[in-house]
Each structure stands twice: as C-alpha cells, then as structure tokens.
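Quick note: numbers below take in every heavy atom, side chains included, and nothing from hydrogens, waters or symmetry partners. Convention: sequence-line order gives letters A, B, ...; per-chain numbering from 1.
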Amino acid sequence: MFCFLVAFAAVFWVFVRRTAQGLPSPIRRIGGLDALDEAVGRCTEMGRPVHYTFGIGEMDGNVLASFDVLSYVSGQCARMDTDIIVTNALGEVQMMTEEIVRAAYVNAGKADSYQPDNVRFISNVQTAYMSAILGIFQRERPGANLMLGPFFAESMMLSEAGQQIGAIQIGGTGRTIQIPFFVAACDYTLIGDELFVAGAYIGRKPLQMGAIYAQDFGKWLSLVLMAVGSVLATMGINSVVTLLKK
Amino acid sequence: MDDFLTRMQNIDRRIIYTVVFIVLAVPMFKPMGLPLKITRETKASYDAIEALPEGALVMFATANAPGTQAELEPQSIAVVKHLMRKNAKIVFNPVAAESPRYCDRYREMMAAAGFEEGVDFIQLPYQAGGETLYVAMGTDLKSAYVMIQPGQYELWDSIDGMQDFDLFVDCGGGETQRWAIGHIEAKYHIPHITLITAVILAVVQPYFTSRQFSGIVSGLNGAAEYEVLAGFPGLAASGMDAQSLGHLWVIFTIVLGNVAYFITKAGKAAKARGGGD
Amino acid sequence: MKFVRSSLPIYLGVVGGAVVLLAYFLTPKLLQDLSKWFGEWRMTLAAFALTLGAGNLLRIHANRIRLKRESFAFSYVLIFFLIGYIVLGTFWGRTHPLYSYIFDNAYQPLSATVFSINAFYISTACYRAFRARNLQAAVLLIAGVVVMLGKVGIGYAIWPGFATVTDWIMNVPNSAAMRGINMAAALGALGVSLRVILGLERGHLGGE
Amino acid sequence: MDLAVLGVWIAAFCTLAVYSFLYGDNPVFKFAEHAFVGLAAAHVAVMGIENMRNRAWEPFVAGQWWLLGALIGGVMLLTRWFPSVRWISRIPLGFMMGVAAGMAARRAIESEFWKQIISTAGMKLDTLDNVLYLVIVLCTLSYFLFAFNDRTRFGGAIKSVGVVGQYVMMIAFGASLGATIMARLSLVIARLDFLFRNWLHLLD
C-alpha cells in the first residue's frame, strides 16, 4: 500500500511536470460543471443571489475540492455583479471561504463589491444549519443553489427546499450515500469523483490536470488488479491478494 | 379530464404532507400488528453481545443527536440494557457535541439499576475534532483524554488502551462508523458493532460483508428487532405499523404520478397523429 | 515578511499533512509523537474556530439590526438566546439544571422536528423524481419501486418475490456500484489531499 | 403549573412552530428558527470554550509543554477580528488544512481504496452474482475515467463501458432512495408520539 502511495505521488509529480510543458489534454465533458456558468448567468438575469454551501461535514477532500469551484464561481459572480451567499457549518471552513471569496473579488477587480456579511457561519449543528437555510431560501430567494462538499442528511432538505423556490441546482459530493438525494432533486449532479476533478476541469491548470492523469492511472491499475485478481482467484491462485496485503 | 391528469402530475405538496401526517397518526391509535422479520445483521449484533464474557469491557461511542434520536435512541437503550444484563463495564464516549446529554441518560439508567459510576461505567468528556479524535484514540487512548486525572475513575485507571476492550459499539448516523473501522478496528481487531440510521445502511453494509463489523443494528426496524430478540418490549415496535402505512402512501403517489404522466403523453401522441378530440 | 504572509501557511500545511500521512506507514518515535501532537493541536484549533464562528454569527445579526434589514427584529431573538445560553453554559456550567432544561425542552424538540421535515421532503422529491421521463429515469423508478415494495408487507402479499429481488438489488448492483463510486472518489480525495501535502496548492491561502 | 408540564408545552410549541413551515414561512417559524440557531451556536461555543480549557490550557499548565503549539495557533486564529493583522490567522489555517489533507489521504487510501481492491480481487467468479458484481464494479469505475479522447476508437469504447456504469448507478440510486423513504418516516413518528402521548395524553 505504501508502495502504491509512493508510486501514485511519483506519477502525480511526473504528470504535473509534463502538463506544465504542455501536453494535449482531452477530458470528457461533465454536465454539472458546464452548468456553473448557466447558473450564475441565470441569477444575473433574474437579479437573485447565488447560494453556495459545503454541507456540514468535516474539512476533508470534498471541501478541498469544492474550494476550487467556489473560487471560480465567486469570480464569475464578481464579474457579473451578482451576489453570492456562502453558508458554512465549520469554523475553519468559514475562515477559508472568507479568504477565497475575498480573493476572487480582488482578482476580478471588484474588491469594493465584496460583502463580508454574505459569507456566513451558521452552525455546525446539522438541524440548526438546515433551519437557517430554509429561512434564507424563503427570504433571500437565491436563483441558483450550488451544493458541493461532504453532505450528510441536509442534502435532501436543501435540494428539496431549493427546488420549491425554483432555483437551478447543482449538487455534488463524494459521500456516496447522499448522491441519490441530489439525483432526485437537483438539475445536475456531480457523482463522487466528478467533484474532485472539478478544479482541473474548470481551471485547466497544469497542476490540476496532472492530478487527473494520476487518478486515471490509479483507476487503470485497480481495474487491472481486480480483473486479473479475481480471475486468478477463481483458478485457485491467490497471489494478487497476497501481494496486495503486504 | 386532461386538466385532472395534469393536476395528478403536480399534486400540491401540502396535500401530500397532510396525508403523510394522517397515515402516520392513525396506526398509533389503532395498531395493526404487522409481522416483523429479523435480519441477519441485527441477529449478528445480538449474538456478538451475547457472546461477551461476564464483566467484559465495552466502549460505547455515540454520535447520537436530536436529529437521529428517533432511530438511534431506541437502539441504544436496547443495547445498553442488554449490556447491563451481561454485567459489562461500559465506557460511554460522546463523540458529537450534542451527544453528552444522551450519555447522561444511559448513566442514569445504569445507576438506577445499581451499577456504580467510576467502577462499572464512566463517561468520557466530549471533544471536538471528529476523525482526529478517532485517530487519537487509536494511537494512544490515554493521551487522547489527558484531562482525566489518574485516580479519578477506578475503571479508567485499569485501562491501558484500545486493546483492552472486548467490544466497540459505535452509534451514529454519519461518518463515525468509517472512522471506527479505519482507525480502531484496522489496528486492534476488536469486535465492532454499529448502531446506525437506516439511511446509511447501504454504505455500511459492505463492511459487514467484509467482516469489519460483527453486526449492524439499523433504523427503527433494527431497534424493534433487537427489542424482540433481547426480550425488552419497547419504543420501536409500536412505530412499525405507522411506518409501513406511510410508505404505502408514498408508493401510491408515485404510481399516480406515472399513470397520469403516461396517459397525458399517449393523448398528446394521438393528437399529434391527427386523431380527433 | 512576504514569506511569512504567503508561503509559511503552505509550508506548515505541507509539514502537517506529510507527518500525519507518513506516520501511518513509518514507525520512528519522533514521527509518531509529532503526528499525535498535530492531531491534538488540530482538535484544539477546531474548538477555537467554532467559537469564532459564533462570533461571526453575532456580527452578522448585529449588522442586520444596525442596518434595519428585513425582519431584523428576529435578530434580537437570536442574539438573546446566543448570549444568554453562552453565559449560562460558561459560568454555571452545562450541568446547571436550567441549561439542561432548555436543552431538553427547546433545543432537542426543535432539532428533532427540523430533522423530521426530511420525511416530508423526501416524499415530494420521490413523487417528482420517480417518473419515467427517459430511460435513465425509468431505471431509477423501477429499482426504487421494487425496493419500496420489498420493504413492506403488502409488497409480499402482491408477489413474494419482491423481498428476494430487493435483497438481490441491494447486495449485488447497489453494493457493487457503490463500491465503484467509492473507489473513484477515494482516489479523487487522495489526489486533492496530495496537492496540499506536496505543497502544490497555492490558490487558497497565498493571496494578499 | 409545574416545571415539567411547562417543559412539555414549550416542546410542543417548538414542534408545531417548525411544522408550520411546511405550510409556508411565517413569524412563528421565524421565531423558532432564530431561537434555535442562537441556542445551537451557543451550545457549540460552550463546548468549544470547555475544550480549550480542558484540552489545551489545563494539561499545558500541568506540564504537557507541547500543547503550547495549539495555544499559540489558537491565539493566531483570533487575529481575524483585527483587519490589519488578519493575515496571521492564515498560518494556523494552513496547518489545519494540511493536517486535514493528511487525515483524508490516510483514510481514502486504506479503507476506501486498498481494502476494496483486495476484497474484489479475492472474489471467486464461481456464481453469476459474483461475475456480475465484478463487471459492475469495473463498469462503474470506468465511468470515472476522465483523461481520454472519445473521438478515438479506444476512447469510444471506454465511453460506452462508462454508459453501462451510469445505468447501473441509476439502479443503485433508485434502490437507495426507495430504501430510505421508510426510514425517514420514523422521524415524524417519534414527534407525533411525543405530541399525542406526552402533550395531549391521547395514548397511554
């Protein structure tokens, strides 16, 4: 396993280097990410704010990946003069998002339009968070509801509440159990890994593209290991499993 | 007619909600006594506790919160009662900010049954940190709880680390199960059973198949089954009828919506072909 | 100074992440100790951050009152309960009878009821989502309805096979698909984390 | 009226206030919502303060010097309130992000990736279910291959395998939803039980 980690990191590094020198980079399309501009555009037309949330989960890979998207979306909002409301459940994520949204406004040359009160800490208590969002949806009527991060049971409630006010909704999480709820109530859903490649997909920076290649390498490796392993296991040879357990 | 069909496709949500209320309330007054099937996951949990030696050491980590109490509280009470019957020594460990209040109640329950605090059971203080806390417990239990002074609890002094435990019970509706097996089961291989909300059963079940969890009690059904197995008639069994009836109503609305949808679609297709009205 | 401002946070992240990750595989005592300390530090820092969050909430609602925003009167309610409960819990402790009384009779029912709204919302969401608009939606619908019927007695009365089919769907296609999604997501999480641990992620904290 | 009865009435008011939102937003719900958010934030802050004291300050005073790091970091976080020095708070934030990434990587690789490969690779293909299981895992995973050009023949093939994966995922999502509805209903049952039994005494 450690060998895998080292190999993964090495592949990662090599691909980052190579994409920096300019490697052609085809990626398949991801509908949910293409829809981000549509969502912001719609809010601009309707004069409604965009709502962005990470859910109430711990600061993990989902949150780190979602930071990339937030950075992009808040930049778009700044350019289009559309408000973005970010609601947070974790103290440290609140601080990070303040930094990100502020930086996006500065980079867009709209430092003056940044409104600190729109990046809001609500509560890390799930139900208190939910009730506050229900209120915000009813009173501030966001035209788009972007939910990307480690979601728990709030996924169902937020997406249904957003549906009721007619917001265009994009949900995405690596927490597999919550994906069905997003599929049921959102216009677009980022399934699992699609969230993690979001940064690369939007930004197309060499570093992030490198990550996609390394992840694909990991997937190919596991595909082969599983296929070969179980065929061998059927023939009574357990060498792949023994090797992996080392 | 068309108007009616269109309306069946978009029933006002308030009507759906009202009927949900009614179908859930009625069976509470008029129970129907539908039969209960015991799943192997619940049975396995019961067996794991039944197999414990007298006076076994158990950690009961709980992330119970008001949002999950409808399902987790009946389960927890049944399991704690069962552990009490086995005279187990229990370390209650609230791992979410709202959980200490629940542990208070389990302690009161044990104290009322004649168990002695500090000797037979203790409650650890809540700490923020989530997964970090599980890592810390797996690394070095004692230093994860530096605030407990030596001599404060007899039971705590007799414990060196996670390896001393005979059973780890993890209760929660979120991520704690994965932390428990990732950072504690993976390292010490002590039996783990988990009490969960029914929603997350689909993700937790693979860990039962792979034997990382010895048992799963899931949802109100799981609680009712456990109550039946252990012979404590209780909270959960009474809610089962209401649950089934509410479920039928939801199925009914789905069928209605689809039938209306297809009739309208067929009608439109007929018109497109030039059929008369 | 520029280093401290923009690079130090990133390097500290590199050190923190690398130590925690490597301590999982390597055993030197120093590494293990450091990893343990870092974990403890993060827990304490998380506590600080939470308290700061309450401060943010206070500021926003104070601003609402100051600017007389829509329905600002309710911000007084929020601030009253926020400050009152903090004072009660900090100076008299969480074991004070009044603290527990409020927790049991207001906090807990509020929380449980808000959560139970999920039951209503899922019923309307399924009513809309489970409609065979296209082939994918049809697949979703069929799997959903079969499993729903497999879970209740009446399904068994219609056709005893529903329970068997439900078990099969849950154990084979559902479990296998979830495993595939999980594995891909785990690699994604690993990729995102490595970007931080290798110090390649400069976007979020490096700005001025 | 004694305190316990009053408590039940307060709880019943809270329950009904929240359910009133199902009909539409209204002042009673607004009151309940704001009170709840305030209480919840306070409860968490009380826990946080308690943790700072018993987790960092007291053990530090008792001689665990290494906790100094956490205390300094905590004070640095507090600089957020002062705009001129708020950049200082980024330093502990960077550290927290790093440790979070380390933890996430640890769990991702071991229990969610590696063990799952082992479990799948060790599966004997002696039943139809097992063959199907393997095929589904492979198809689903293929859906998440991103770096290919679907205009080549090879890329087209991967894409079609991924489409199969997509359909299987729809089965899984439908099944999960179907399995969840009933469980969610139990949440309302518990509230109704409270209203009918403890408040209105309609049930014994």
Looking only at C:Tyr121, C:Tyr24, C:Phe115, C:Tyr107, the option with the highest number of non-hydrogen pairs under 4.5 Å against chain A is C:Tyr121
Honestly, the part of A:Glu154 sitting under 4.5 Å from a heavy atom of chain C is neither
So, the part of C:Leu110 with a heavy atom under 4.5 Å from chain A: the answer is neither
Okay, A:Leu134 and chain C: the region with an atom under 4.5 Å from a heavy atom over there is side chain
Okay, A:Ala153 and chain C: the region with an atom under 4.5 Å from a heavy atom over there is both
Applying a strict 4.5 Å limit to non-hydrogen atoms, the region of A:Glu92 in contact with chain C is both
Among C:Arg59, C:Glu70, C:Arg64, the residue with the most heavy-atom pairs under 4.5 Å to chain A is C:Arg59
Under 4.5 Å to a heavy atom of chain A? For C:Leu21 that would be side chain
Can C:Met183 and A:Lys219 be said to form a side-chain contact (heavy atoms from CB on, under 4.5 Å), step by step? CA-CA 8 Å; C:Met183 288 174 67; A:Lys219 285 167 207 158; over 6 Å; no
Report yes if the side chains of A:Gln215 and C:Leu194 come closer than 4.5 Å at any heavy-atom pair, otherwise no. no
Taking atom CH2 as the centre, does A:Trp13 end up with more than 12 heavy-atom neighbours from other residues, nucleotides or ligands that are less than 6.0 angstrom away? no
Hey, does C:Arg128 have a side-chain heavy atom less than 4.5 Å from the side chain of A:Glu160?
yes
Applying a strict 4.5 Å limit to non-hydrogen atoms, the region of A:Ala200 in contact with chain C is neither
If one checks every heavy atom of C:Ala54 against chain A at 4.5 Å, the contacting part turns out to be backbone
With chain A, the option among C:Ile181, C:Asn118, C:Val196 that has the most non-hydrogen atom pairs under 4.5 Å is C:Asn118
From the list A:Val93, A:Leu5, A:Ile179, the residue making the most non-hydrogen contacts under 4.5 Å with chain C is A:Leu5
Whatever's closer than 4.5 Å to a heavy atom in chain C on A:Gln164 counts as side chain
Do NZ/NE/NH1/NH2 and the carboxylate oxygens of A:Asp117 and C:Arg69 come within less than 4.0 Å? no
Bottom line for A:Phe217: the part with an atom under 4.5 Å from chain C's heavy atoms is neither
Assert top hit (heavy-atom pairs under 4.5 Å, partner chain A, pool C:Thr51, C:Leu190, C:Leu140) equals C:Leu190
C:Phe80, CZ: over 12 other non-hydrogen atoms inside 6.0 angstrom:
no
Cut-off 4.5 Å, heavy atoms of chain A, and the answer for C:Leu26 is side chain
If one checks every heavy atom of A:Ala65 against chain C at 4.5 Å, the contacting part turns out to be both
Applying a strict 4.5 Å limit to non-hydrogen atoms, the region of A:Gln163 in contact with chain C is side chain
One option among C:Gly144, C:Ala189, C:Ala129, C:Ser193 has the most heavy-atom pairs under 4.5 Å with chain A, and it is C:Ala189
Under 4.5 Å to a heavy atom of chain A? For C:Leu52 that would be side chain
Please lay out, stage by stage, how C:Val114 and A:Tyr129 fare under the test side-chain contact (heavy atoms from CB on, under 4.5 Å). CA-CA 10 Å; C:Val114 170; A:Tyr129 183 77; over 6 Å; no
Under 4.5 Å to a heavy atom of chain A? For C:Thr124 that would be both
